[in-house]
Every structure is written in structure tokens, then in C-alpha cells.
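Some notes on the structure that comes next.
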Amino acid sequence: MDAFTAGLLQRIRATESDLTRARETGDDFLVEVEQSELDDLHRLAAEHGVEVTATRV
């Protein structure tokens with residue numbers, strides 16, 4: 001796995017974690033921000049042929 005792929009997958013995992021935390025604390029604004037970031041990361045992964053096996057939150 002190259003550095004780009006590893007970094008992208010790490011960012012996706014971190015963002016999924018942040019999104020879960022935002023949902024648990026009821027921070028609706030942060031939920032929107034994190035979901036948008038996660039959507040962008042998934043789009044970037046798809047554009048570069050990176051398979052994301054984590055379940056979307």
C-alpha cells in the first residue's frame with residue numbers, strides 16, 4: 001500500500017470516528033461538517049481507485 005492510500009484510509013477512519021462522536025454528543029453542526037468531509041474522502045478514494053472496506057457511518 002502506498003503512502004497516499006494509507007493516508008487516505010487513515011483520514012477516512014479518523015473522520016468516521018469523529019462523526020460517531022459528534023452524533024453521540026448531539027452536535028448537529030459537527031455531524032454535518034464530518035459527514036461532508038467523509039463524503040469528500042469517499043469521492044477522492046473512488047476517483048483514485050482506492051477501495052474503502054469500512055462501513056459508512
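Numbering starts at 1 and runs along the sequence shown.
- For the residue pair His42 and Ile12, the shortest heavy atom distance occurs at NE2-CG2, 4.0 Å.
- In this view, Ser36 and Asp40 satisfy the side-chain contact (heavy atoms from CB on, under 4.5 Å) rule, not counting sequence neighbours.
- One hydrophobic cluster, built from ILVMFWY side chains closer than 4.5 Å, holds both Leu8 and Val52.
- Qualifying salt bridge (charged side-chain N to carboxylate O under 4.0 Å, His left out) partners for Glu24, counting only residues two or more places apart in sequence or in other chains: none.
- In this structure a side-chain-to-backbone donor-acceptor pair under 3.5 Å is present from Thr15 to Arg11.
- Checked against salt bridge (charged side-chain N to carboxylate O under 4.0 Å, His left out), Glu34 has no partners two or more places apart in sequence or in another chain.
- Side chains of Thr25 and Arg21: a donor-acceptor N/O pair is absent below 3.5 angstrom, by distance only.
- Leu44 and Leu19 fall within the same hydrophobic cluster, defined by Ile, Leu, Val, Met, Phe, Trp and Tyr side-chain heavy atoms under 4.5 Å apart, directly or through other members.
- By the side-chain contact (heavy atoms from CB on, under 4.5 Å) test, Asp28 is found to be paired with no residue, residues two or more places apart in sequence or in another chain being considered.
- Linking Ile, Leu, Val, Met, Phe, Trp and Tyr residues whenever their side-chain heavy atoms come within less than 4.5 Å places Leu9 and Leu38 in a single cluster.
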| task | Evaluate the criterion side chain to side chain contact (heavy atoms under 4.5 Å, CB included) for residue pair Gln35 and Asp39; output intermediate values, then yes/no. | result | CA-CA 6 Å; Gln35 185 62 62; Asp39 292 344; 2.9 Å; yes

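- Listed by first then second residue, pairs satisfying ring pair (Phe, Tyr, Trp, His ring centres under 6.0 Å) with a partner in residues 1-25 read Phe4-His48, not counting sequence neighbours.
- Inter-residue side-chain proximity for Asp18 and Glu37 is flagged as unmet; no heavy-atom pair is nearer than 4.5 Å.
- Taking the side-chain contact (heavy atoms from CB on, under 4.5 Å) definition, one finds that Gln10 meets it with Arg13, Ala14, sequence neighbours left out.
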